[in-house]
Structure formats: C-alpha cells, structure tokens
Amino acid sequence: MPELPEVETVRTDLKRKLLNKRIKEVEVRLPKIVRPKNFAATLTQNSFVDVTRRGKLIIFHLKKKGFMLVHLKMTGQLVFRDHDQFTVGGHSQKGMGMDLPNKYSHVIFKFEDESQLFFNDLRQFGYLKIVNQTELNKVLAKFGVEPLEPEFTPEKWQKLTENRRTNIKAFLLNQAVVTGIGNIYADEVLFASHVLPTRTVNTLTTREKTAIYKNIRLILQKAIDHRGTTFNDYVDGDGKKGSFIQFLKVFHKNGEPCPDCGAIIQKTRVVGRGTHFCKNCQV
DNA sequence: CTTCTTGTTACTGA
DNA sequence: ATCAGTAACAAGAA
C-alpha cells in the first residue's frame with residue numbers, strides 16, 4: 001500500500017529520470033483510469049518540468065500549462081524504463097524485476113529518447129488526471145499538514161489534537177489532519193508510542209501525544225531511508241521493492257510474539273481497517 | 001462459493 | 001458549520 005514513504009520514493013526516482021524529456025506518445029489502454037478525455041493529447045509533445053508530492057498524491061508539473069496528478073491508491077505503480085532496460089535486440093530482457101508492459105499496464109508514456117513510463121494497477125483504483133492551477137489549488141486545500149515538513153511543529157500537533165473525540169487510529173488516517181499516513185504506518189506509530197489504536201484523541205496525555213508526534217516523523221523518515229514497505233504490489237520508480245518490511249513490529253504480525261515483550265500481537269478491526277497491536281505494550 | 005484486502009469519498013446523522 | 005461513523009468502490013488471492 002503506497003503511503004507517504006512509498007510515494008516519496010517513487011517521486012524522487014521519477015524526478016531524477018524523466019524531467020524535461022519530450023513526450024512522443026501516450027498510450028491509454030484503460031480510459032477510465034485517466035481524466036479528462038483529452039488526457040493523451042494534452043501530454044503529447046509536452047514534458048514534465050518538476051515532480052512534487054502532497055500526501056500520497058504525486059504532482060507532475062507540465063511545461064505547457066497545467067499538472068498531471070497521479071494517485072496510486074492501493075496497487076498502483078509508476079515504473080520507468082530506459083530504452084536499454086526493456087529491450088535488447090528486440091527481445092524483452094529478463095532479470096530486471098518485471099517484464100513491461102504487462103496486463104496491468106493501463107497507461108504508457110513514450111519519450112523521445114525511447115524511454116518509457118508505465119502506470120500499472122492491479123485493482124484499478126488509482127488514477128491519472130490533468131488539472132489547471134485553479135483545480136490543483138482546490139484539491140490541495142483539503143490536505144492537512146505535511147508531517148516531515150518544518151511546518152509540522154509540536155505546537156501545531158497539540159492544537160490539532162485538541163477537542164477531538166474520534167479514536168487515534170482514525171485520526172492518523174484522516175488526510176485532512178496529517179497527510180500521508182496509511183494503515184501500515186498508523187499501526188507502527190501507535191505501537192512505538194505505546195498507545196492503543198482505540199484510544200480517544202482528547203483523552204491522550206501530553207506525554208502520549210508527544211510520543212506520537214515524534215514517532216510519526218521518525219518512522220516515516222526511516223521508511224523513506226529504506227525506500228518504503230513492499231508487501232505485494234508496491235515498487236519504486238525502477239520496479240524494485242522497498243525494504244522497510246524488515247523493520248515492521250506489529251503490522252501483519254498477528255499471532256506472532258511482540259518484539260518488545262513477547263505477548264502475542266492481536267489483530268482487530270478499527271474504522272473498518274485491519275489493526276494490529278500489543279495489548280501488553282500499548283495502553 | 002465466501003471472505004479478506006485499503007485509500008478515499010459520498011452520505012448520513014449529530 | 002463542523003465533526004464523526006459507515007458503506008461503497010474494485011478485483012484478485014486464498
């Protein structure tokens with residue numbers, strides 16, 4: 001599941017590779033994935049001059065007016081292939097991680113230097129959308145604070161958590177509060193902070209709130225350093241898996257012993273999501 | 001066959 | 001107005 005660390009990894013990978021390459025052709029194999037109807041025509045002969053991110057949303061800045069927004073949702077991938085990476089003598093090269101395009105390649109960008117960018121999505125939840133500046137502003141207005149930016153201060157966190165009567169898991173998943181946290185990192189942050197996912201936000205002590213604040217920053221940054229978490233589908237801009245899975249302490253560990261105390265990790269459902277915790281370490 | 005998976009949003013109700 | 005809670009979406013794995 002691409003969350004902030006995974007999306008950030010893809011963003012930096014792609015920014016390094018495809019800036020200012022002229023787009024020769026865009027092949028849309030599954031039209032419902034893109035918007036608006038003139039998606040391919042808008043991009044043809046255009047180029048990307050910057051790649052930025054807000055929460056889990058990737059923003060490609062177009063040379064000729066506008067932006068392309070890409071959301072990977074659960075199983076989306078953006079994989080770049082240089083010319084010599086996917087064909088050798090006309091044959092698909094093996095051992096590169098994945099052969100592309102595959103049956104989940106719904107949009108293919110072809111650049112003038114014969115490199116390609118593939119948008120793959122098994123569940124077809126993701127999307128690519130061209131917007132203008134006004135539309136972009138409207139979309140970004142709904143996003144909460146970026147947890148790794150300087151604007152996310154302890155004071156701001158204390159203010160955000162005042163008078164909230166929802167549980168802390170739902171609060172961490174709420175993109176209008178803090179952007180970029182999904183199911184994996186919500187569970188990991190709460191375990192590291194010794195707080196149960198079902199705790200109501202306004203009953204948390206200052207000490208607990210501070211622990212959550214610090215762990216959001218620590219864990220997201222460490223996950224970026226390890227290029228994200230790959231369970232099934234997530235890959236970086238090269239089609240390679242992230243390695244943060246080895247640092248997960250509770251997510252998908254139900255039935256296994258807690259790494260801190262040895263108690264069995266529990267799994268329940270909170271706000272409709274699989275939620276993992278140690279009933280001994282978290283209160 | 002049923003159940004499970006998650007990011008986001010529409011919708012409902014307080 | 002603001003906040004909270006839930007269903008729905010999609011499609012494949014088990």
Side-chain angles (χ1 to χ4, degrees), chain A residues 1-11 29-35 53-59 69-78 98 102-107 119-129 131 135-136 138-147 159-190 197-204 216 220 223 228-235 242 244-245 248 250-255 265-277:
Chain A
M1 288 56 72
E3 304 178 24
L4 187 150
E6 292 76 29
V7 176
E8 177 64 10
T9 300
V10 170
R11 179 192 77 79
R29 297 183 172 187
L30 188 66
K32 72 160 185 174
I33 291 278
V34 306
R35 261 172 227 177
R53 178 189 59 75
R54 190 79 168 85
K56 303 168 191 170
L57 187 67
I58 306 178
I59 306 166
L69 309 182
V70 179
H71 204 301
L72 303 174
K73 291 288 181 88
M74 294 165 61
T75 55
Q77 304 173 330
L78 278 172
M98 62 169 83
N102 59 31
K103 61 188 287 202
Y104 307 118
S105 299
H106 304 312
V107 183
F119 177 80
N120 313 318
D121 192 353
L122 184 149
R123 293 195 197 166
Q124 305 176 16
F125 260 30
Y127 62 81
L128 304 89
K129 184 180 182 186
V131 297
E135 293 164 320
L136 177 66
K138 207 171 158 185
V139 170
L140 297 187
K142 298 173 194 160
F143 283 72
V145 62
E146 278 292 330
K159 242 199 179 68
L160 284 170
T161 51
E162 278 170 16
N163 306 319
R164 291 301 198 119
R165 295 164 190 280
T166 189
N167 63 63
I168 184 64
K169 169 108 184 201
F171 192 70
L172 290 179
L173 293 177
N174 185 347
Q175 304 297 300
V177 179
V178 176
T179 58
I181 302 173
N183 211 28
I184 298 172
Y185 298 108
D187 283 6
E188 292 298 317
V189 165
L190 291 174
T198 47
R199 289 280 301 283
T200 305
V201 174
N202 65 359
T203 68
L204 297 172
I216 288 172
L220 292 180
T229 302
T230 298
F231 269 104
N232 300 308
D233 302 287
Y234 164 71
V235 290
F244 193 71
I245 192 167
L248 298 181
V250 290
F251 193 83
H252 262 226
K253 305 279 188 186
N254 40 307
I265 299 295
Q266 313 284 305
K267 181 179 179 186
T268 56
R269 193 157 284 271
V270 179
V271 290
R273 296 292 170 253
T275 299
H276 315 74
F277 63 96

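Heavy-atom basis, side chains included; hydrogens, waters and symmetry copies ignored. Letters A, B, ... are given to chains in the order of the sequence lines, protein chains preceding strands, and every chain is numbered from 1.
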Inset, instruction - Report yes or no: does A/E146 contribute a side-chain atom to a donor-acceptor pair with the main-chain N or O of A/G55 at less than 3.5 Å? - result: yes
Inset, instruction - Report, as a single string ordered 5' to 3', how protein heavy atoms within less than 4.0 Å touch nucleotides 8-14 of chain B: B base, S sugar-phosphate only, - not at all. - result: B------
Legend entry - Whole angstrom value for the distance that separates P of B/dC4 from CG of A/N254: 13 Å
Inset, instruction - For A/Q124 and B/dG7, give me the distance from atom CD to atom P, rounded to whole Å. - result: 18 Å
Inset, instruction - Classify the nucleic acid contact of A/G274 as base, sugar-phosphate or nothing, counting any heavy atom under 4.0 Å across all strands shown. - result: sugar-phosphate
Inset, instruction - List in chain and number order the residues that pass salt bridge (charged side-chain N to carboxylate O under 4.0 Å, His left out) with A/R123, two or more places apart in sequence or in another chain; answer none if no residue qualifies. - result: none
Legend entry - Partners meeting salt bridge (charged side-chain N to carboxylate O under 4.0 Å, His left out) with A/R11 (sequence neighbours left out): A/E8
Legend entry - Check against side-chain contact (heavy atoms from CB on, under 4.5 Å), A/L30 and A/D121: CA-CA 10 Å; A/L30 188 66; A/D121 192 353; over 6 Å; no
Inset, instruction - Grab the CE-P distance between A/M1 and B/dC4 for me, whole Å please. - result: 16 Å
Legend entry - Backbone N/O of A/G180 and side chain of A/Q175: donor-acceptor pair under 3.5 Å: yes
Inset, instruction - Using a 4.0 Å heavy-atom cut-off across all strands, classify A/K103 as base, sugar-phosphate, or nothing. - result: nothing
Inset, instruction - At the 4.0 Å heavy-atom cut-off to chain A, mark where contacts on DNA chain C begin and end, going 5' to 3'. - result: C/dA4 to C/dG12
Legend entry - Interatomic spacing from NE2 in A/H252 to CD1 in A/I265 - rounded to 0.5 Å: 13.5 Å
Legend entry - Near-strand residues of residues 160-169 of chain A, defined as heavy-atom separation under 4.0 angstrom from DNA chain C: A/R164, A/R165, A/T166
Inset, instruction - Quick one: list whatever passes side chain to side chain contact (heavy atoms under 4.5 Å, CB included) with A/N163, sequence neighbours left out. - result: none
Inset, instruction - Check for a donor-acceptor pair, side chain of A/R199 on one end and backbone N or O of A/K169 on the other, with a separation under 3.5 Å. - result: no
Legend entry - Length of the NE2-P vector between A/H276 and B/dC4, whole Å: 13 Å
Inset, instruction - Flag the pair A/F231 / A/L248 as yes when at least one side-chain heavy-atom distance between them is below 4.5 Å, and no otherwise. - result: yes
Inset, instruction - Compare all side-chain heavy atoms of A/T229 with those of A/Y185 and state whether any distance is below 4.5 angstrom. - result: yes
Legend entry - Among A/T275, A/D187, A/I245, side chain to side chain contact (heavy atoms under 4.5 Å, CB included) partner for A/F251: A/D187
